[in-house]
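Right, one structure below, let's go through it.
All values derive from a computational prediction rather than experimental measurement. Ligands are counted one by one from 1 in listed order, and the atoms in each one are counted from 1 as well.
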Amino acid sequence: MSTTFQLDTSTSRANPTPQPMKRLTVPKIRAHKADGETREPLVMLTAYTARQAQLLDAHCDILLVGDSLAQVIYGLPTTIPVTLDMMANHAAAVVRGSYHSVVVVDMPFGSYEQSPQQAFESATFLLKQSGAAAVKLEGGEQMAETVAFLNQRGIPVMGHVGLTPQAVNVLGGYGARGRDDAEATKIVGDAQALDKAGAFAIVLEGVLEPIAIEATKTVSCPTIGIGASAQCDGQVLVTEDMLGMFDRVPRFVKKYEDIAGVIERTVVKYAEEVRARSFPTSDQTYQPKG
Ligand SMILES: Nc1nc(=O)c2c([nH]1)NC[C@@H]1CN(c3ccc(C(=O)N[C@@H](CCC(=O)O)C(=O)O)cc3)CN21
Ligand SMILES: CC(C)C(=O)C(=O)O
Ligand SMILES: [Mg+2]
């Protein structure tokens, strides 16, 4: 693990505005449904870069620096090779680009499963390097002790149950979870165990709607769904999936735009103009004064 701590995360917010929006806090997220009122769903999206964070920040409650950067940024087949340094660097960029949302960082595979102590060491590295507010880790009941250990020592934790992509080699793929009763019961129990351990929110990924309903009804913290129906207390998607920038997207994604198409059409235009010498024109050219 790297021991250099060079980033000044207290300054250089990239979004200085005349009346800056106040940054949301983890306790506000945790208390989202505490009084039993029906609340507006929480809005969460992934972000991996400063500019992306700038564009999303004002419209979201939570920005997740997801380990899905493996596929989306690095062209890796799974999230398994992701390192703490990769997560810390992208998280620092996202924090620099945000001033409103709570920034949450995924703990990468292998950085937290061994013991609460290992998880604490990894989480402190991520938070010190980036200035993010909280970490997310995958797993249910077996991670509850770790969630409590971190939370009691100043590190808020978001849980993640159901389809947990870091366990792809155990699960055997990315199919929906909870199709048999035993697994459905286990997923609900996992969410409840994380809630009792003090998780401030729980991602429910790739689970059948009845599981999302039961988990959401029986935990005190908000549930945030991805492929888990509209019955959750919030929703998350991978930003590039939603924008139509990523080539292979799960069924639960709604493609709101075709940004890949916009990019391709624009590059074709640029290439044609360069080859025809119609770009650059005098507007894009420096001439001597005089
Ligand atoms: N771009 C991206 N979007 C994601 O949602 C995402 C990532 N990357 N990387 C990390 C995990 C992996 N996730 C995935 C990846 C693939 C499927 C998928 O292909 N699902 C198929 C069903 C597969 C099966 O039945 O075996 C689908 O059609 O939904 C789902 C979730 C969710 N996460
Ligand atoms: C899909 C979300 C929940 C995630 O964990 C990620 O982007 O890595
Ligand atoms: Mg993830």
Side-chain angles (χ1 to χ4, degrees), residues 29 42-49 52-53 56 60-84 86-87 90-91 94 101-113 122-123 126 132 134-140 143 157-179 183 191 194 199-209 212 222-229 232-256 259-260:
I29 303 284
L42 292 166
V43 178
M44 173 159 131
L45 278 172
T46 60
Y48 315 123
T49 68
Q52 196 177 31
L56 307 178
C60 293
D61 300 303
I62 303 167
L63 293 181
L64 173 68
V65 186
D67 60 352
S68 52
L69 56 71
Q71 288 97 335
V72 177
I73 302 276
Y74 290 93
L76 292 164
T78 70
T79 55
I80 284 168
V82 175
T83 66
L84 277 171
M86 288 161 77
M87 295 311 299
H90 286 276
V94 167
S101 301
V102 170
V103 178
V104 179
V105 192
D106 260 347
M107 306 267 286
F109 179 67
S111 74
Y112 63 94
E113 300 91 330
S122 299
L126 290 175
V135 297
K136 177 164 81 57
L137 53 80
E138 296 182 10
M143 294 311 303
V157 182
M158 180 181 282
H160 182 162
V161 302
L163 171 49
T164 49
Q166 292 175 9
V168 61
N169 290 324
V170 170
L171 300 176
Y174 297 107
R177 309 308 304 173
R179 288 203 182 276
E183 195 175 74
L194 296 174
F200 73 93
I202 300 167
V203 168
L204 300 178
E205 177 166 355
V207 301
L208 308 189
E209 186 168 40
T223 60
I224 300 176
I226 172 166
S229 87
C232 300
D233 299 305
Q235 295 293 327
V236 60
L237 280 177
V238 170
T239 297
E240 280 79 356
D241 291 351
M242 173 203 69
L243 293 175
M245 287 182 73
F246 194 65
D247 45 355
R248 299 158 282 129
V249 303
R251 197 183 83 100
F252 53 70
V253 170
K254 178 175 175 183
K255 274 200 193 186
Y256 286 81
I259 300 301

Out of Pro250, Gly206, Gly66, indicate the one that has the non-hydrogen atom closest to atom 31 (C) of ligand 1. Pro250
Would the distance check show the side chain of Thr239 and the main-chain N or O of Thr46 forming a donor-acceptor pair, the cut-off being under 3.5 Å? yes
Answer with side chain, backbone, both or neither: which part of Gln71 has a heavy atom less than 4.0 angstrom from an atom of ligand 1? side chain
Mind checking whether Gly173 has a heavy atom under 4.0 Å from ligand 1? no
Tell me, which protein residue and heavy-atom name are nearest atom 1 (N) of ligand 1, and how many Å apart are they? Asp241 OD1, 2.9 Å
Say whether, by atom type as modelled, one donor and one acceptor occur between the side chain of Gln71 and the main chain of Leu69 under 3.5 angstrom. no
closest protein heavy atom to atom 27 (C) of ligand 1 is Arg251 N, 3.5 Å
Identify, for atom 33 (N) of ligand 1, the protein heavy atom at the shortest distance, and state residue, atom and that distance. Glu205 OE2, 3.9 Å
Looking only at side chains, do Glu205 and Tyr174 share a donor and an acceptor under 3.5 Å apart? no
Considering all heavy atoms, the nearest Val94-Tyr48 contact: CG2-C, 3.6 Å
Would you check whether Ser68 has a nitrogen or oxygen atom less than 3.5 angstrom from a nitrogen or oxygen atom of ligand 1? no
Element-labelled atoms of ligand 1 that are located less than 4.0 Å from some non-hydrogen atom of Val72: 1 (N)
Atoms in ligand 1 flagged as close to Pro165, the criterion being non-hydrogen separation under 4.0 Å: 11 (C), 12 (C)
Is the contact between Glu240 and ligand 1 made by the side chain, the backbone, both, or neither, using heavy atoms and a 4.0 Å cut-off? neither
Is it the case that ligand 1 has an N or O less than 3.5 angstrom from some N or O of Thr79? no
Which residue and atom name correspond to the protein heavy atom nearest atom 6 (C) of ligand 1, and how close is it? Val238 CG2, 4.1 Å
What pairs of residues pass the side-chain hydrogen bond (donor to acceptor under 3.5 Å, both in side chains) test when at least one of them lies in residues 241-254, not counting sequence neighbours? none
Are there any N/O pairs under 3.5 Å between ligand 2 and the protein, and if so, what are their distances?
from     : atom 1 : to     : atom 2 : distance (Å)
ligand 2 : 5 (O)  : Asp106 : OD2    : 3.3
ligand 2 : 5 (O)  : Lys136 : NZ     : 2.8
ligand 2 : 7 (O)  : Ser68  : OG     : 2.6
ligand 2 : 8 (O)  : Asp67  : N      : 3.1
ligand 2 : 8 (O)  : Asp67  : OD1    : 2.8
ligand 2 : 8 (O)  : Ser68  : N      : 3.0
ligand 2 : 8 (O)  : Ser68  : OG     : 3.3
ligand 2 : 8 (O)  : Asp106 : OD2    : 2.9

Looking at Val203, Val161, Asp67, which one forms a side-chain contact (heavy atoms from CB on, under 4.5 Å) with Glu138? Asp67
Quick one: name the protein N/O/S atoms under 2.8 Å from the Mg ion (ligand 3), chain by chain. Asp67 OD1, Asp106 OD2
Could you check if a side-chain atom of Tyr112 sits within less than 4.5 angstrom of a side-chain atom of Val135, using non-hydrogen atoms only? no
Going by the 4.0 angstrom heavy-atom rule, the piece of Tyr174 near ligand 1 is both
Look only at interatomic distance and state if Arg248 has a nitrogen or oxygen under 3.5 Å from any nitrogen or oxygen of ligand 1. no
Among protein heavy atoms, which lies nearest atom 25 (O) of ligand 1, and at what distance? Gly175 CA, 3.5 Å
Flag the pair Met158 / Ile224 as yes when at least one side-chain heavy-atom distance between them is below 4.5 Å, and no otherwise. yes
Any sub-3.5 Å donor-acceptor pair from Gln166's side-chain atoms to Thr78's backbone N or O? no
By side chain to side chain donor-acceptor pair (under 3.5 Å), which residues pair with Gln235, not counting sequence neighbours? none
